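This report concerns only the one structure given below.
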Amino acid sequence: MSEERSLNFLEEIVEADLAAGKHVEIHTRFPPEPNGYLHIGHAKSICLNFGLADKYGGKTNLRFDDTNPVTEDTEYVDSIKADVRWLGFDWEEEHYASDYFDQLYAFAVALINKGLAYVDDLSAEQIATMKGTPTEAGKESPFRNRSIEENLFLFTAMKNGEYNDGEKVLRAKIDLASPNMHMRDPIMYRIKKTHHHRTGDTWCIYPMYDFAHGQSDSIENISHSICTLEFEVHKPLYNWYIAQLGIFPSNQFEFARLNLTYTVMSKRKLLQLVQENLVDGWDDPRMPTISGLRRRGYTPLSLRNFCERIGVQRRENIIDVGLLEFCVREDLNKTALRRMVVLDPIKLVITNYPEGQSEILKGENNPELEDNGGYRDLPFGRELWIEAEDFMEDAPKKWFRLAPGNKVRLKSAYIVSCTGFEKDASGKVTAVHCEYIPESKSGQDTSGINVKGTMHWISAEKAETAEVRLYDRLFQVEDPSSEEGDFKSYMNPNSLEIIEGAKIEPSLLEAQPGEQFQFIRKGYFTLDSKLSASGKLVFNRTVTLKDAWSKEMKK
RNA sequence: UGCCCGAUAGUAUAAUGGUAGUACGACAGAUUUUGGUUCUGUUUGUCUUGGUUCGAAUCCAGGUCGGGCAACCA
């Protein structure tokens, strides 16, 4: 028996519809507007749409909602497709709302013929004013009762380019007194003499979202059209168009969009960060975009697991970014190769290790894997690099690392005993001295000595150098959007720390973009796909390791 | 002050009139050649006031709080 996992509310709806025979097979769609890059909120929608179809043996389309040529571009189309694929999903059919422009035009003519649409000459401002307010009914346009013939004639003229942008619109004739603002004679078509990224200059009138989305769903026989909560008020209109047109009744269902702590998720805000150069583009590793997370080192599986764990409901929510970090650690712990890298190096001199002598030790690739994932060579010698923070002259309680008189294990090597250190004129520690215990060699330890601390290290002679970039949260408050004033004033000034001279072990020279590593005791890292060049490696920190010691220190 | 939606530990998410459970977090312990991993345990919750019922997180009514709606954006 499979484990009993309770259904989310969308799965319940689908199961009920299937059980009632409302649909033989379900069909969903992911409908982005190609006007920006996908972010992790979209990942939730993608996982929901594809996940639903997957679970119930249905299909999912990818459809670009490209009804506004002013903001859209093929650059975005391409990045969206790449991101969906990278997440691990494959769509059944690829569509564009613009493929339906002829059909949508015919739908509009049909509504005119039914006396349910009219051409309005009012300006945008006048239409807005006459729409009234949520508490006040709107007023009818003086053009509302034109004859069907006149409307047909004018709409054709609109299509033929005889009017300029803003001179005329086509409106649905519904109810100016509706408590739902979207039902107060919504605009169906507007004139935009703008080049469209797919239809070029074929059209100068373009359908509004409301006059395109439901019909596109219907044309594709989408059974469950799921979208975020802000479209809830559009649902009556979505249904109205379908009913008046008498076409396949797709149904809309809404869920709460994803919010994450310490970041922003709206396209508008993300665009601002990019345009004002506050980040290094849409794929800056600090961005919550799919491309940013990918560059940061997040894996598709970790993102899918995250989307599964956060669940789906209709209430507003803000997910702790810690859960995202948990998900990527969970995945990377099982797959990432272990390597040793010293970020802030100081010398460790093993005074009883003969000068000029060296040896090759073996380091396990991943203790979580069978046979430890194999081994790689670790050159060892008299002088090593160790992390400056791993030595303290006056150590606090529970300090398991190096301090005068302390013993520690050098990972995969020997136990050493700290015998002294050197300081420069300013009092800064420049080197640590120790003696090693020859019979404590890793794997063949006969010393009988137990130590509490284990440290990473690099042979000073064989060390290579790389740049390492440490990322922290982009904002210093949990929910920047809910704070007073400009959200950008809450950005974390220390969200990027660049370390130029990190000491890396030789095997890391062969690192490939997309490969994940655990730098032992430091976190998970990946090669930056953009900044790395031959001869210059740049590693991005995906996430730190859980750190019980720093937590202990804060007490 | 119109209409619509929502409210369960710190954060999410279950319980579909019948024992409030799970995950992340936090805390404590065991294991550990990563202060990692793994394992064990502990902690904290049904917005409020009434009502229906043998029994209410769940149904009903009032209130409170939060979100959405007045783009020729999606």
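Worth saying up front: this structure is predicted, and the values here are computed from it rather than measured. Below, read A as the first sequence line, B as the second, and so on, with proteins coming before strands; counting in each chain starts at 1.
One finds no side-chain N or O of K235(A) lying less than 4.0 angstrom from the OP1 or OP2 phosphate oxygen of rC4(B). OP1 and OP2 of rC5(B) both lie 4.0 Å or more from every side-chain N or O belonging to R314(A). An OP1 or OP2 oxygen of rG35(B) is reached within less than 4.0 angstrom by a side-chain nitrogen or oxygen of R521(A).
Looking at D377(A) and K362(A), a side-chain N of the basic residue comes within less than 4.0 Å of a carboxylate O on the acidic one, giving a salt bridge. Contact check on E387(A) versus R401(A) returns no salt bridge, with no Lys/Arg side-chain nitrogen under 4.0 Å from an Asp/Glu carboxylate oxygen. With respect to D120(A) and R171(A), a salt bridge is recorded, a charged nitrogen being found less than 4.0 Å from a carboxylate O. In summary, R63(A) and E220(A) engage in a salt bridge, as defined by a charged side-chain N under 4.0 Å from a carboxylate O.
For L324(A) and rU11(B), the CG to C1' distance is 13 Å, given to the nearest whole Å.
rC69(B) and rA14(B) have their P atoms separated by 25 Å, with the value rounded to a whole Å. Comparing rA7(B) with rU13(B), their P atoms are spaced 10 Å from each other, to the whole Å. Comparing the C1' positions of rG21(B) and rG45(B) gives a spacing of 12 Å, expressed to the nearest Å. Atom C1' of rG6(B) sits at a distance of 32 Å from the matching atom of rC54(B), rounded to the whole Å. Using C1' as the reference atom, rU11(B) and rG63(B) are 27 Å apart when rounded to the nearest Å.
Contacts of I318(A) with the nucleic acid, taken as non-hydrogen atoms under 4.0 Å apart, involve only primed sugar atoms and P, OP1 or OP2. Contacts of R315(A) with the nucleic acid, taken as non-hydrogen atoms under 4.0 Å apart, include base atoms. Residue K398(A) is in base contact, counting any heavy-atom pair closer than 4.0 Å across all strands shown. If you check every strand for non-hydrogen atoms under 4.0 Å, R401(A) touches a base. The residue G453(A) sits apart from the nucleic acid: no heavy atom pair falls under 4.0 Å. If you check every strand for non-hydrogen atoms under 4.0 Å, F400(A) touches a base. Within the 4.0 angstrom heavy-atom criterion, base atoms lie near S412(A). Residue contacts shown for Q313(A) are limited to sugar-phosphate atoms, with no base heavy atom under 4.0 Å away. Counting any heavy atom pair closer than 4.0 Å across all strands shown, I520(A) reaches a base atom.
N305(A) pairs by the side chain to side chain donor-acceptor pair (under 3.5 Å) definition with nothing, not counting sequence neighbours.
The ring of F64(A) has its center no closer than 6.0 angstrom to the ring center of Y76(A). Centroid-to-centroid, the aromatic rings of F326(A) and F306(A) stay 6.0 Å apart or farther. Taking the six-membered ring for Trp, Y206(A) and F101(A) have ring centres closer than 6.0 Å.
Judged by distance alone, with hydrogens and angles left aside, R409(A) brings no side-chain donor or acceptor close enough to the base of rU34(B) to form a pair under 3.5 Å. Between the base of rU34(B) and the side chain of R338(A) there is a donor-acceptor pair shorter than 3.5 Å. For a distance-only test at 3.5 Å, the side chain of T135(A) fails to qualify as a donor-acceptor partner of the base of rU1(B).
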- Message: Treating primed atoms plus P, OP1 and OP2 as sugar-phosphate and everything else as base, which nucleotides of nucleotides 37-48 of chain B get B, S or - for protein heavy atoms under 4.0 Å?
- Response: S-----------
- Query: What string of B, S and - do you get for nucleotides 66-74 of chain B, 5' to 3', if B is base contact, S is sugar-phosphate-only contact and - is no contact with any protein heavy atom under 4.0 Å?
  - Reply: -S-SBSBSB
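The partner of rC39(B), taking Watson-Crick or G-U wobble pairs whose two distances both stay under 3.5 Å, is rG29(B). Judged by Watson-Crick or G-U wobble contacts below 3.5 Å, the nucleotide rC54(B) has rG18(B) as its partner. Nucleotide rC3(B) has rG68(B) as its partner under the Watson-Crick or G-U criteria, with both atom distances under 3.5 Å.
At a threshold of 4.5 Å between non-hydrogen side-chain atoms, the residues R521(A) and D390(A) count as touching.
Here the rule is salt bridge (charged side-chain N to carboxylate O under 4.0 Å, His left out) with E364(A), and of K411(A), R338(A), R376(A), R339(A) only K411(A) fits it.
Summary of the strand contacts: S442(A) and K551(A) both lie near RNA chain B, and taking for each the nucleotide with the nearest heavy atom, the more 5' one is attributed to K551(A).
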- Query: Are E33(A) and T71(A) close enough, and set up right, to give a side-chain hydrogen bond (donor to acceptor under 3.5 Å, both in side chains), and what steps lead you there?
  - Reply: CA-CA 9 Å; E33(A) 184 191 12; T71(A) 56; 3.2 Å; yes
